[in-house]
Each structure stands twice: as structure tokens, then as C-alpha cells.
There are 2 protein chains.
Amino acid sequence: MLAATSQSQTRADEAFDCLQTAIVKGDLAPGEKIGEVELCERFNLTRGPLREALGRLESRGLLVRKPHAGVKVVSVSGDELLELYHIRESMEGLAARQAAERMTDAEIADLQATLDSHEKMIDLAQGQAYYQGEGDYDFHYRIAKGSRNTKLAQMLLGDLYYMVRMYRYRLSTSAGRPQKALGEHRHIVEAIAQRDGELAQFLMQRHISAARRNIEQKIKAGVLNL
Amino acid sequence: MLAATSQSQTRADEAFDCLQTAIVKGDLAPGEKIGEVELCERFNLTRGPLREALGRLESRGLLVRKPHAGVKVVSVSGDELLELYHIRESMEGLAARQAAERMTDAEIADLQATLDSHEKMIDLAQGQAYYQGEGDYDFHYRIAKGSRNTKLAQMLLGDLYYMVRMYRYRLSTSAGRPQKALGEHRHIVEAIAQRDGELAQFLMQRHISAARRNIEQKIKAGVLNL
DNA sequence: CGTTGGAGTATTGTCGACAATAGTCTGGGG
DNA sequence: CCCCAGACTATTGTCGACAATACTCCAACG
């Protein structure tokens, strides 16, 4: 039934949330052409709010719309996915640097506690679940928020992450990578705790760069079907 | 009368363009609360397409909307404007590096020709018009496109520039800065022509950093009313 | 005199019907 | 047998009216 994830204030917001999660979860496959009426009965909406949500999704780059021809879910090629990681490398590097300068001590302690819980998650899932779940997302989410840079957080959390998460669902993480990623996360937090912005930026960039090369290998190996 | 800038394919697109230019040009002042019906008669639209455009503008961060309370133009503080330049520093640095690797020779030649015309513009306006006009925008626009990074270009051109341009209209450039900016532009293009991505990135970051400090000084001096 | 409650109004959110356009399918011609 | 033209259908774009919510103003009470 897939009801609205959170009690939305308005129908259009509800539609927006539904569509967004449906796209991210893969219920609406990339490249799939979708009709408005079909979506309406699927989510129990009328076309008014739906169209409003559609416009917002298009503006965020999750949909492409051709006038009088319909909308279809954006399909991102392997190259484009790698480009996304290049952008993340730059932007999250900045976020890490600013977070090191601006996060409160309480926030940093909280972040460290979060990593502890992530470690337990990895142990439980025997090293398979870090990237699949929300753990990695949590970490980067907190850094973005910690930068105190409203627009930066908005662009990272509102634009980039949704596109990245679209593909995280089908990215089977390579064995051993979660532990390594967690270790990198720890180093980044350490740099932040020491208020070493430059180091935090460097480590974050290298962290994302490693993730990108990891995906690059998979693409070359033909593991990914993009 | 402020008709649609370009022959839009649909009413909603038309509304979107009108609203966007109105906000950027300052016809709709930041912080101003605007009613839907007022906008309708102002742009000869009905509320359907208008609401669709409103949603898109909100998603791009140019408007804030409170349910059942109306929309108002986003007002960005001095600090937030400086944060925008921090983001540009990161993202356009990346764009310059990728442009150096990927622009065609023809595009580079074209870019150099553009700078020549900019030089004439500055001479004509006696050093006052570079930042005011579209010249600077042209330069950064071409670099973003030249990066061949679709999402990067979309984020720079679709999100950041419109917010920056909102304030360029009231930023009286300091004397001498246009010439210096043009010189920096030339150095960047030179690095791109030599396919030196790292240098291009460095120069672009320093270029934007200089612009940021320029604004920072003005804010401290109380010249800007934010 | 200040505050709080309520009714009224104005604005936003939603809906269903109408108009316009694009894609498709069929029939005729070369 | 293949190609082109025309109308048809289905989908999108647009519009006006209705419903729901928030802001405002006024009056009564403490």
C-alpha cells in the first residue's frame, strides 16, 4: 500500500514523498515511462497535487518530462553515476572542513556514538549491510548538517543523495569494504574532533574517491547493469 | 509587461521563467510575501500552472512556502551569501578541472574569443560593467558546460547562479576589480588550453575566493544591506 | 486597559471537466 | 510490398469552481 512515509501536511507533499521513495526504492524503474492517471490510482491522488509533485521531482532531476509526451524516471548511466561521486568528493570535502570548524562538541560526541552503533550493525550483518542500509547515509547526513551551510546541506541531502541512493539498492558491496569504510569514517570524525578542517576535507575526499573507484571497478567488471 | 523571456512550451514553463526572472531581477523583493491571485493577474496566468511553477521554485530554494500561509521570496543573509561562494569555490574548481580535460579545442578557442569581447565591454563601460552584466556569467556558464558533467552543470546553472545573480544586481563592483577578474579568467582559460586540470582548478578556486573576500569586505563595511 | 475567545474573511489546497497536442493505427497509393 | 497521409484515440495541459485552513478583527471578560 505504501502510505505516506511521514504525515504530510498537504496532498502534494504526500505525493512528492511517495514518488520520491518509489523512485529511490526502485518501484519505479529507471527509464520507465509512467502515465499520470496510472500514478493517481496507485497513490490515491488526483492529478492536481500529482502534477505539482511531478514538477518538483523534475526540478530535482529525478524525472524528465517532455511536453505532451509524459514523464519517465531518469536513467543515469555508469559514467553519470561516477560523475555524481566526483561532485560528492568536492562538496562533501567542503562539508567536512566546515563541520570541523563548526560542529558542537555534543554533536561530535553524538557522531562518534553513531559510529559505534554502525560497528555493531556491521558485526551483526557480518560485513554486508553498511552500505545497503542507512548507516552510511546517517554519517554523511550528519556531516552535511554539521557544516552549518544551509544551501550545501540542501544540495547534498536534497539533490545528490537521492540519486546516489537510487543505485545503492542494487550495488552489492564488495566484501571487506564496509569495515574499511567504517575505519575511514572514524578517521574523519577524529579529524573533526581535533578541529583539523584541512585534514577532515582531505580524508573525506579520499573516502569518497575510494568508493568511486570501487564502483568503477564493478562497472568495468560488468557487475552493474546500467 | 515582462512577457516570457523565451517562447515557452507550456504555461507552467512560462510561469516558471517569469517568476524566476522576476525574483532574480528584484521585481519581487526578498522576504516579500506574495499571494497567488496577485501573481496570476500580474502574469496573466491561472492558478494551476502557477502553483506548478511555485513548487518548482520552492524545490530550487528560491521560494519558501508554508502550508495554507502563502509563499515568500527567500531572503539570504550576508553569511549565507558567503556560504554560496564557498560552495562555488568547490564546485567550479571541479568544473574547471574537468573542463580542462574534456573541452574541445574549438570550445576553448570560442571561450578565448568570448574573453576578447568581454575586454571590449569593460573598455566601453570604463571598468564598471563586467560583474553587472552577463559577461562574467557567460564565462562561468561555459566552463560549467565544458565540464561535460551533466549534474554538475545543472546544479551550478540551475541552482547556484540564480541565487548569486539575485545579489549581483545590487552589488556595485569595486573599481579595478573587473580588470583583475578578467585577468584571472584569462589565466584560467590558459590553463585549460594547456590541459592542466590541476592548475585550472587552483586558479578557479582562487578566483572565486577573491570574489568572496571582495564581498566580505563590503559587508563588513556596511555597503551591503542584507 | 490588556488579554483572550470567537466569528468572519481571505487565501490556499483540491477536485472534476474541458481543450489541445502527440502518438498510433488504418487505408490508400506508388 | 513499402511508404505516406489522414483521422482517431489516449494522454497531457489548462481552467473554473468548491472545500479547508489560517490570519484578522472585534467584542467581551478579567
Side-chain angles (χ1 to χ4, degrees), chain A residues 1-20 22-23 28-75, chain B residues 1-20 22-23 28-75:
Chain A
M1 184 51 193
L2 187 58
T5 51
S6 61
Q7 193 86 348
S8 302
Q9 297 254 331
T10 175
R11 296 273 190 193
D13 292 337
E14 188 181 328
F16 183 74
D17 288 342
C18 284
L19 269 289
Q20 187 159 287
I23 292 172
L28 269 49
E32 184 178 352
K33 190 158 69 179
I34 46 185
E36 291 185 1
V37 288
E38 180 192 339
L39 290 175
C40 286
E41 54 194 37
R42 188 163 169 180
F43 296 112
N44 281 358
L45 294 163
T46 50
R47 284 182 56 218
L50 182 89
R51 284 180 61 80
E52 206 172 308
L54 249 39
R56 274 151 75 172
L57 267 311
E58 185 200 14
S59 179
R60 289 205 178 182
L62 269 67
L63 295 176
V64 289
R65 175 145 53 161
K66 213 167 62 178
H68 298 284
V71 302
K72 69 175 198 283
V73 181
V74 73
S75 73
Chain B
M1 182 51 199
L2 186 57
T5 52
S6 61
Q7 193 85 350
S8 303
Q9 297 248 331
T10 174
R11 295 273 190 192
D13 292 338
E14 188 181 329
F16 182 74
D17 288 342
C18 284
L19 268 289
Q20 185 160 272
I23 291 172
L28 269 48
E32 183 178 351
K33 191 158 68 181
I34 48 185
E36 292 185 359
V37 288
E38 180 192 338
L39 291 174
C40 285
E41 52 194 38
R42 188 162 168 180
F43 295 113
N44 281 357
L45 293 164
T46 50
R47 284 182 53 217
L50 182 89
R51 284 181 60 81
E52 206 172 310
L54 249 39
R56 276 152 74 174
L57 267 311
E58 185 200 14
S59 180
R60 289 205 179 182
L62 269 69
L63 296 176
V64 288
R65 174 145 51 162
K66 213 167 61 176
H68 297 284
V71 301
K72 69 174 197 285
V73 181
V74 73
S75 73

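Residue numbers start from 1 in every chain, and the chains themselves are labelled A, B, ... in the order their sequence lines are given, proteins ahead of strands.
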In plain terms, say whether B/E36 and B/R51 are close enough for a salt bridge, that is, a side-chain N and a carboxylate O under 4.0 Å apart. yes
Is any side-chain N of the basic residue among A/D13 and A/R56 closer than 4.0 Å to the acidic one's carboxylate O? yes
Between B/R42 and B/L28, is any pair of side-chain heavy atoms under 4.5 Å apart? yes
Sorted by number, residues from residues 66-74 of chain A placing a heavy atom under 4.0 Å from DNA chain D are A/P67, A/H68, A/G70
Nearest-nucleotide 5' precedence on DNA chain D, B/P49 against B/K33: B/P49
Measure the angle between the two terminal helix axes of the helix from C/dC1-D/dG30 to C/dG30-D/dC1, five base pairs each, and quote it to 10°. 20°
Check whether any side-chain N or O of B/E52 sits under 3.5 Å from a backbone N or O of B/P49 as a donor-acceptor pair, and report yes or no. no
Please step through side chain to side chain contact (heavy atoms under 4.5 Å, CB included) for the pair A/V71 and A/V64, ending with a clear verdict. CA-CA 6 Å; A/V71 302; A/V64 289; over 6 Å; no
First and last nt of DNA chain D near chain A, cut-off under 4.0 Å to heavy atoms, 5' to 3', are D/dT12 to D/dT14
B/L39 side chain near B/L45 side chain, heavy-atom distance below 4.5 Å: no
Heavy atoms only, 4.0 Å cut-off, all strands: where does A/L45 land among base, sugar-phosphate and nothing? nothing
Is there a donor-acceptor contact under 3.5 Å from the side chain of A/E32 to the main chain of A/A29? yes
Does some side-chain heavy atom of B/L63 sit less than 4.5 Å from a side-chain heavy atom of B/I23? yes
Determine the contact category for A/L54: base if any of its heavy atoms lies under 4.0 Å from a base atom, sugar-phosphate if only primed atoms, P, OP1 or OP2 are that close, otherwise nothing. nothing
To the nearest 0.5 Å, what is the distance between CZ (B/F16) and CG (B/L62)? 8.0 Å
